Amino acid sequence: MDAVRLVKLSQHTLAQSRAVLDIVGEAWQAQALAQAIGGHLAATGPPELRSEARGLSEAGGRGCAVLDHPGMRRGGIRAAQLTEVADPAGALTSLGALLGDVSMALVSVACATDEEGLYWQCIEAIDAADESSDRIRGMLRRLTLREQERSGEVLRDTATGPP
């Protein structure tokens, strides 16, 4: 399944989540998705993204590690369905928005809980989501620069005309 479609599915599921375990589960799913998209782009994405993509994958992995989810929901690990990242910029933009939503949901959980362990898991997961978001912004900047360079080359080529 394409990355953008998986991210949209995750956004929808997070928006429908009301119970604490469901929200924590969706935060875990989002971090797993960041790990998978980062890994996919590190292996097959544009060369200028590969280093940051590895960092995104590692940050997503750390985000999964800090969340103590007692068991995945019946649907399993959504990120395992990732088969392609057809539109890297679109996937990264959507993933960044999802991680922002996850952070806000985790803030709500952290503020509402009396369990110290859950509180600190949420805080650490918010930090991991922020780190993933930083990586995403860096990757989007690189993609924008690449497009600007390509546009400049096209303009230079059309201005000089055929030899």
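Quick caveat, the model's predicted, so the values are computed rather than measured. Values below: all heavy atoms of this structure, side chains included; hydrogens, waters and symmetry mates excluded.
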Next on the checklist: I'd like to know whether Val7 forms a side-chain contact (heavy atoms from CB on, under 4.5 Å) with Gln11, so could you lay out the CA-CA distance, the side-chain angles of the two residues, the decisive distance to 0.1 Å, and finally the verdict.
Outcome noted: CA-CA 6 Å; Val7 171; Gln11 286 174 316; 4.2 Å; yes
Checklist entry - Just how far is it from atom CZ of Arg142 to atom CG of Leu92, taken to the nearest 0.5 Å? => result 12.5 Å
Checklist entry - Linking I/L/V/M/F/W/Y whenever their side-chain heavy atoms sit closer than 4.5 Å, directly or via other members, would Val102 and Leu9 fall into one cluster? => result no
Checklist entry - Is there side-chain contact between Glu26 and Thr13, with at least one heavy-atom pair below 4.5 Å? => result yes
Item to check | Under 3.5 Å: donor-acceptor pair, side chain of Thr113, backbone of Val109 | outcome: no
Checklist entry - Can any side-chain N or O of Arg50 pair as donor or acceptor with the backbone N or O of Gly45 at less than 3.5 Å? => result yes
Checklist outcome for this item: Heavy atoms of Leu98 and Ala30 approach each other most closely as CD2-CB, 3.8 Å
Checklist entry - Can you hop from Val107 to Leu99 via hydrophobic side chains spaced under 4.5 Å? => result yes
Item to check | Flag, side chain of Ser57 to backbone of Ala53, donor-acceptor distance under 3.5 Å | outcome: no
Checklist entry - Within the side chain of Gln29, is there an N or O that forms a donor-acceptor pair under 3.5 Å with the backbone of Arg78? => result yes
Item to check | Interatomic distance, Ile126 atom CD1 to Leu106 atom CG [nearest 0.5 angstrom] | outcome: 5.0 Å
Checklist entry - What do the steps show when you test Ile23 against Arg18 for side-chain contact (heavy atoms from CB on, under 4.5 Å), and what is the final call? => result CA-CA 7 Å; Ile23 293 169; Arg18 298 289 176 252; over 6 Å; no
Next on the checklist: Rounded to the nearest 0.5 Å, what separates atom CZ in Arg5 from atom CD in Gln81?
Outcome noted: 8.5 Å
Next on the checklist: Ignoring hydrogens, what is the shortest heavy-atom contact between Ala32 and Cys64? Give both atom names and the distance.
Outcome noted: N-SG, 3.3 Å
Next on the checklist: So that I can tick it off, tell me whether Arg137 and Asp134 are bridged by a salt bridge, with the cut-off set at under 4.0 angstrom between side-chain N and carboxylate O.
Outcome noted: yes
Item to check | Note, Gln148 side chain near Thr144 side chain (heavy atom, < 4.5 Å) | outcome: yes
Item to check | Nearest-0.5 Å distance that lies between atom CD in Glu124 and atom CZ in Arg62 | outcome: 12.0 Å
Checklist entry - How many angstroms lie between CD in Gln16 and NE2 in His12, if you round to the nearest 0.5 Å? => result 4.5 Å
Next on the checklist: Does Glu116, at its CD atom, have more than 12 non-hydrogen atoms belonging to other residues, nucleotides or ligands within less than 6.0 Å?
Outcome noted: no
Checklist entry - Within a strict 4.5 Å, meaning less than it, do heavy atoms of the Val24 and Leu118 side chains meet? => result yes
Checklist entry - Can Leu82 and Met1 be said to form a side-chain contact (heavy atoms from CB on, under 4.5 Å), step by step? => result CA-CA 5 Å; Leu82 179 69; Met1 185 180 299; over 6 Å; no
Next on the checklist: Tell me the closest heavy-atom pair linking Leu140 and Ala89, and the distance in Å.
Outcome noted: CD2-O, 3.7 Å
Checklist outcome for this item: dist Thr83:OG1 -> Asp2:CG (nearest 0.5 Å) comes out at 7.0 Å
Next on the checklist: Restricting to non-hydrogen atoms, name the atom on His40 and the atom on Val85 that form the minimum distance, rounded to 0.1 Å.
Outcome noted: CD2-CG2, 3.3 Å
Checklist entry - What closest approach, in Å, do Gly60 and Ala34 show between heavy atoms, and which atom pair accounts for it? => result CA-CB, 4.3 Å
Next on the checklist: Please determine whether side-chain contact (heavy atoms from CB on, under 4.5 Å) holds for the pair Leu41 and Leu56, giving the CA-CA distance in whole Å, both sets of side-chain angles, and the decisive distance to 0.1 Å.
Outcome noted: CA-CA 9 Å; Leu41 288 173; Leu56 174 61; 5.6 Å; no
Item to check | Which atom of Ala125 lies closest to which atom of Gln31, heavy atoms considered | outcome: O-NE2, 3.7 Å
Next on the checklist: Is it the case that the side chain of Asp101 and the backbone of Leu14 share a donor-acceptor pair, with hydrogens and angles ignored and the cut-off at 3.5 Å?
Outcome noted: no
